[in-house]
Enquirer: 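Mind having a look at this structure? Questions to follow.
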Amino acid sequence: MCPTGMETKSLAWEYDAVQRIKVGKTRRFSKQTFEYFLVLDFEATCWDKGDYDKGSSEVIEFPCVLYDVKNNEIVDEFQQYVMPFEKPKLSPFCTNLTGIEQHQVENGVPLKTCLMLFNKWLNKLIKEHKLSFVRQENLKYTGFCTWSDWDLGTCLFRECKRKGIYRPEHFSRWIDVRAIYKDHYARRPHGLLGALTELGLEFEGRQHCGLHDARNTARLVGRMVEDGVYFKLTKDITGKR
Ligand code: AMP
Ligand code: MG
Ligand code: MG
């Protein structure tokens, strides 16, 4: 005897022969133009409010993670400690905030060398994952993501300018995750931690460790993708030197 319609359906479910079309709470990554994000978060020399020895900030930790949007995972990481030259001695405030110790920056490399090492890593990724900073057929569109404009718009921009270091053009366009967050959720989060908490995530690792901040920013981006947030470039300082 042939099974009824209902029986056919339940048999099909049992044998996993039903085409599952996800509706409702699903990852809406198909909407995204970016397939990968390069999420970075610099740590820099800093001082307590009343410190008389204040100077300009220099990058001391340069981390970046490659986040695969579709698979919701970090697929590669870069981390380099950088030696400050203008104020070579870290303030106790800075070590306390970032967890970065004097010996780590003394064993680090100058910013110019760090940019070369980063470039080498980036070129490897470009080849391995077929990445591109411009939208092109058969290539995976990627862009930098940061929490606020400070990393690329202030910190790296000013230090390269002060020191006469060439700043590669790909650092001139990025996505400020904070701006996208504010725009989508219509609220001002209390830092990266606040944004994670508001979306039900816990900060993993140590806050103000650049690599951990970058990883958590990537997790936040992933969570926002789940919410259907559309990511687009928010800043372009191309040509500004
Ligand atoms: P973050 O990515 O939030 O860890 O901050 C990046 C950099 O901003 C730090 O390495 C410091 O140089 C600076 N910074 C962050 N928070 C503070 C603070 N409360 N006081 C002074 N400088 C800070
Ligand atoms: Mg940061
Ligand atoms: Mg940080």
Side-chain angles (χ1 to χ4, degrees), residues 37-67 74 77-106 108-111 114-115 118 143-163 171 174-182 188-199 201-224 231 234-235 237:
F37 290 120
L38 285 154
V39 188
L40 60 76
D41 183 274
F42 302 144
E43 299 306 321
T45 48
C46 55
W47 297 267
D48 207 352
K49 279 190 198 89
D51 197 333
Y52 69 93
D53 205 25
K54 269 185 186 153
S56 301
S57 292
E58 292 175 275
V59 175
I60 52 173
E61 184 190 353
F62 194 125
C64 186
V65 303
L66 180 67
Y67 174 75
I74 290 170
E77 294 187 337
F78 174 88
Q79 187 196 31
Q80 179 64 56
Y81 288 107
V82 185
M83 199 188 287
F85 280 95
E86 294 166 336
K87 295 276 181 191
K89 183 110 178 60
L90 298 185
S91 69
F93 176 84
C94 184
T95 294
N96 194 37
L97 180 82
T98 63
I100 301 171
E101 298 192 2
Q102 189 63 32
H103 68 92
Q104 291 177 292
V105 292
E106 281 174 9
V109 297
L111 181 62
C114 179
L115 289 175
F118 179 77
F144 283 104
C145 270
T146 58
W147 179 257
S148 87
D149 287 329
W150 177 82
D151 301 77
L152 293 172
T154 304
C155 185
L156 187 69
F157 180 83
R158 288 191 185 159
E159 187 174 350
C160 286
K161 197 169 182 168
R162 264 196 336 267
K163 296 183 174 176
F171 289 127
W174 66 88
I175 297 157
D176 170 6
V177 181
R178 187 173 69 175
I180 300 268
Y181 185 100
K182 276 190 202 162
R188 194 181 276 266
H190 195 69
L192 174 60
L193 175 68
L196 286 161
T197 310
E198 281 178 2
L199 296 189
L201 297 174
E202 275 181 32
F203 192 99
E204 287 177 359
R206 187 196 193 285
Q207 275 187 77
H208 305 296
C209 156
L211 182 62
H212 293 181
D213 281 353
R215 285 178 186 161
N216 281 284
T217 306
R219 289 177 61 234
L220 176 70
V221 167
R223 178 64 183 74
M224 289 167 71
F231 284 82
T234 58
K235 201 81 178 179
I237 56 165

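Predicted, not measured: the structure shown is a model, and the values here were computed from it. Both ligands and their constituent atoms are indexed starting at 1 by order of listing. All residue numbers in this chain count up from 1 along the given sequence.
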Enquirer: Among Cys160, Cys114, Cys155, exactly one meets side-chain contact (heavy atoms from CB on, under 4.5 Å) together with Val59. Which residue is that?
Expert: Cys155

Enquirer: Looking only at protein heavy atoms, which one is nearest to atom 1 (P) of ligand 1, and how far off is it?
Expert: His208 ND1, 3.4 Å

Enquirer: Ligand 1 and Asp41, any nitrogen or oxygen pair closer than 3.5 angstrom?
Expert: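 Among all N and O atoms of Asp41, at least one is under 3.5 Å from an N or O of ligand 1.
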
Enquirer: What atoms in ligand 1 come closer than 4.0 Å to a heavy atom of Asp213?
Expert: 1 (P), 2 (O), 4 (O)

Enquirer: Give the single entry among Leu97, Thr154, Leu40 that approaches atom 17 (C) of ligand 1 most closely by any heavy atom.
Expert: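 When every heavy atom of Leu97, Thr154, Leu40 is considered, Leu97 comes closest to atom 17 (C) of ligand 1.
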
Enquirer: Excluding waters, which protein N, O or S atoms are within less than 2.8 Å of the Mg ion (ligand 3)?
Expert: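 Those protein N, O or S atoms (cut-off: under 2.8 Å from the Mg ion (ligand 3)) are Asp41 OD1, Glu43 OE2, Asp213 OD2.
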
Enquirer: If every non-hydrogen atom of Asp176 is compared with every non-hydrogen atom of Trp147, which pair is closest and at what distance?
Expert: OD1-C, 4.0 Å

Enquirer: Near Thr45, which atoms of ligand 1 are under 4.0 Å from a heavy atom of that residue?
Expert: 12 (O)

Enquirer: Any idea which atoms of ligand 1 are less than 4.0 Å away from a heavy-atom of Glu43?
Expert: 1 (P), 2 (O), 4 (O), 5 (O), 6 (C), 7 (C), 9 (C), 10 (O)

Enquirer: Test your reading of the structure: does Ser57 have an N or O sitting under 3.5 Å from an N or O of ligand 1?
Expert: no

Enquirer: Is Trp147 near ligand 1, meaning one of its heavy atoms is under 4.0 Å from it?
Expert: no

Enquirer: Is there a side-chain contact between Leu152 and Leu40 (heavy atoms, below 4.5 Å)?
Expert: yes

Enquirer: Where is the nearest protein heavy atom to atom 6 (C) of ligand 1: which residue, which atom, and how far?
Expert: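 Minimum-distance protein heavy atom for atom 6 (C) of ligand 1 reads Phe42 O, 3.4 Å.
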
Enquirer: To check you understand the geometry: which heavy-atom pair defines the closest contact between Leu97 and Arg206, and what is its length?
Expert: O-NH1, 2.8 Å

Enquirer: How far apart are the closest heavy atoms of Glu58 and Arg162, and which atoms are they?
Expert: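 That closest heavy-atom pairing would be CG-NH2, 3.8 Å.
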
Enquirer: Looking only at heavy atoms, what is the nearest atom pair of Phe144 and Phe171, with distance?
Expert: CZ-CE2, 3.6 Å

Enquirer: Identify, by atom number and element, the atoms of ligand 1 in contact range of Phe93, meaning under 4.0 Å from any of its heavy atoms.
Expert: 20 (N), 21 (C)

Enquirer: Under 3.5 Å between any N/O of Trp150 and any N/O of ligand 1: does that happen in this structure?
Expert: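 In this structure, Trp150 places no N or O atom under 3.5 Å from an N or O of ligand 1.
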
Enquirer: For Lys161, look at atom NZ and say whether over 12 heavy atoms of other residues, nucleotides or ligands are found less than 6.0 Å away.
Expert: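 Check fails, neighbour count at 12 or below.
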
Enquirer: Got a second to check how far Asp41's CG is from Arg215's CZ, nearest 0.5 Å?
Expert: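 The CZ atom of Arg215 is 12.0 Å from CG of Asp41, to the nearest 0.5 Å.
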
Enquirer: Under a 3.5 Å distance rule, please check whether Lys54 uses its side chain to pair with a backbone N or O of Lys49 as donor and acceptor.
Expert: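 Yes, the answer is positive, given that a donor and an acceptor are paired below the 3.5 Å cut-off.
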
Enquirer: Provide the number and element of each atom of ligand 1 under 4.0 Å from a heavy atom of Cys46.
Expert: 11 (C), 12 (O), 22 (N)

Enquirer: Indicate yes or no for a side-chain donor-acceptor contact from Thr98 to the backbone of Cys209 under 3.5 Å, with no hydrogens or angles considered.
Expert: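 No, because the side chain of Thr98 does not come within donor-acceptor range (under 3.5 Å) of the backbone of Cys209.
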
Enquirer: For Thr98, counting its heavy atoms only, list the atoms of ligand 1 lying under 4.0 Å from any of them.
Expert: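 That gives atoms 10 (O) of ligand 1.
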
Enquirer: Can you see which heavy atom on Gln102 is nearest to which on Pro88, and at what distance?
Expert: NE2-O, 3.0 Å

Enquirer: Strictly under 4.0 Å, does any heavy atom of Ile60 approach an atom of ligand 1?
Expert: no

Enquirer: Are Glu86 and Lys163 close enough, and set up right, to give a side-chain contact (heavy atoms from CB on, under 4.5 Å), and what steps lead you there?
Expert: CA-CA 10 Å; Glu86 294 166 336; Lys163 296 183 174 176; 3.9 Å; yes

Enquirer: Using the ring of each side chain (for Trp, its six-membered ring), is Phe62 parallel, tilted or perpendicular to Phe78, with breaks at 30° and 60°?
Expert: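 Plane angle over 60°, so perpendicular.
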
Enquirer: If you have a sec, work out which protein heavy atom is nearest atom 12 (O) of ligand 1 and how many Å separate them, to one decimal?
Expert: Ala44 O, 2.8 Å

